[in-house]
Amino acid sequence: MKGTHSFILETSKIRYELEIKHKFSIFKGASGSGKTALCQQILKRKKDSEKATGVRIRTDLKYVVLTDETLVGKYLEQGYNLFFIDEDVVEEICKGNAGATFGQDVKGSSAYFVFMSRNASLSAVPINVDACYKLVEEYRGGKKVVHMENMYVWNDD
Amino acid sequence: MLNVWINYPKGEYEDCLVGSPDAAFENYMDLSLVLTDLGRDIVKNVSKIAEIHNIHSYTTEWGYDISPADLSGGSKVLLLMMCKNVRDLNLIFNYTYCGDNCNVYLEKLAGMYDINIYLGRSYVPSREFLNKYGVRFVETGVIVHKVMDFWDQVCEVREASKV
């Protein structure tokens with residue numbers, strides 16, 4: 001898949017507004033910024049309907065939170081094309097070969113992968129510096145709104 | 001003293017690595033420490049908590065009520081470092097779970113206790129901390145007190161591990 005895809009997750013208390021445009025993105029940033037909370041909300045929504053959970057997700061991508069790195073091939077076969085990968089799983093991916101095995105498994109797929117991690121040893125997965133983000137929150141319309149900002153900003157000079 | 005592992009702890013030390021803080025926090029944490037000045041500081045600043053009602057209930061800056069299990073990974077790691085029973089186990093904390101907003105607290109704790117971390121992410125201790133306490137690289141036994149020496153040791157240990 002190419003291009004920029006919007007991913008909106010909203011509950012009664014919080015709204016995540018994400019723009020997915022890189023094959024591999026990484027959310028780094030401060031502790032407590034909402035990275036794991038995002039994954040947890042997606043998992044809750046996966047267990048039950050929007051009506052039953054109160055979690056609304058709007059995106060044109062078929063998303064999943066990858067809880068076991070060995071299942072990525074199976075999910076790709078099922079047509080999933082947006083993977084959220086939290087810290088615990090990133091740690092497993094990095095063990096031994098800096099993510100090379102995972103990189104091989106997903107090479108050639110057109111899916112998008114969003115890693116929630118500060119792990120410096122995820123070096124075998126080619127992550128563009130412009131694909132490093134932090135989550136930033138603001139208060140808008142009575143709700144906490146979280147969006148992504150580039151972690152590294154280049155000055156023209 | 002801050003004891004740093006640059007490479008993934010292996011052999012007899014592998015069991016000591018706290019890969020993810022959730023289970024350790026659930027099973028080892030002495031929640032009464034949240035009510036100490038340092039505990040309150042950590043919980044409020046790292047997990048963005050506005051009010052600590054009691055050890056089991058907090059309200060976030062955005063008005064949501066949460067339990068200790070919902071605290072951020074960084075908070076959990078730092079709070080675990082405060083527990084004597086945890087330190088007595090010689091556990092090694094995976095510092096990847098802690099953002100830059102945790103650094104000041106790590107240094108405060110390492111100034112009080114022996115703390116072991118696996119440095120899975122980039123981190124450079126402050127000059128003040130290095131000057132006063134130093135950092136010990138576990139793989140080499142070297143203790144450094146200057147930023148450049150810290151970097152030199154990181155590079156040296158990484159290079160040696162490639163051989």
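Below, chains carry the letters A, B, ... as their sequence lines are ordered, and counting in each starts from 1. Everything numeric in this text was worked out from a predicted model, so none of it was measured.
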Output, in order, the C-alpha distance, side-chain angles, deciding distance and verdict of side chain to side chain contact (heavy atoms under 4.5 Å, CB included) for B:Tyr64 and A:Lys144. CA-CA 10 Å; B:Tyr64 314 136; A:Lys144 177 175 164 179; 3.6 Å; yes
Quick one: NZ on A:Lys28 to OG on B:Ser122, what's the gap to the nearest 0.5 Å? 6.0 Å
Spell out, yes or no, whether A:Ile57 and A:Ile20 are grouped together once hydrophobic residues are joined by side-chain heavy atoms under 4.5 Å, including indirect joins. yes
Taking CZ in B:Arg127 as the centre, count heavy atoms belonging to other residues, nucleotides or ligands within less than 6.0 Å. Is the count above 12? no
Which residue out of A:Gln40, A:Arg118, A:Lys143 racks up the most heavy-atom pairs below 4.5 Å with chain B? A:Arg118
How about A:Ser117 and B:Thr96: do any of their side-chain heavy atoms sit closer than 4.5 Å? yes
Could you walk me through whether B:Tyr97 and A:Asn119 pass the side-chain hydrogen bond (donor to acceptor under 3.5 Å, both in side chains) test, one step at a time? CA-CA 9 Å; B:Tyr97 282 87; A:Asn119 198 316; over 6 Å; no
Taking atom CG as the centre, does B:Asn85 end up with more than 12 heavy-atom neighbours from other residues, nucleotides or ligands that are less than 6.0 angstrom away? yes
Connected via hydrophobic side-chain network under 4.5 Å: B:Leu17 and B:Met81: no
Looking at B:Ser75, B:Gly120, B:Gly74, B:Gly63, which one has more heavy-atom pairs under 4.5 Å with chain A than the rest? B:Gly120
More than 12 heavy atoms of other residues, nucleotides or ligands under 6.0 Å from NZ of A:Lys23: yes or no? yes
Stepwise side chain to side chain contact (heavy atoms under 4.5 Å, CB included) check, B:Asn94 with A:Glu91: CA-CA 10 Å; B:Asn94 186 347; A:Glu91 292 296 307; 2.7 Å; yes
Measure distances from B:Cys102 to the heavy atoms of chain A and classify the residue's part below 4.5 Å as side chain, backbone, both or neither. side chain
When you group the ILVMFWY residues by side-chain heavy-atom contacts below 4.5 Å and let the links chain together, are B:Trp151 and B:Tyr95 in the same group? yes
Hydrophobic clustering (ILVMFWY, side-chain heavy atoms < 4.5 Å, transitive) - are A:Leu18 and A:Val136 grouped together? no
Is there a side chain to side chain contact (heavy atoms under 4.5 Å, CB included) between B:Lys48 and A:Glu137? Walk through the geometry before answering. CA-CA 12 Å; B:Lys48 300 193 178 73; A:Glu137 57 195 39; 3.4 Å; yes
Determine whether more than 12 heavy atoms belonging to other residues, nucleotides or ligands lie under 6.0 Å from atom NZ of B:Lys132. no
The residue among B:Ile42, B:Val46, B:Leu71 that forms side chain to side chain contact (heavy atoms under 4.5 Å, CB included) with A:Ser31 is B:Val46
Tell me which of these, B:Asp70, B:Asn101, B:Ile49, has more heavy-atom pairs under 4.5 Å with chain A than the rest. B:Asn101
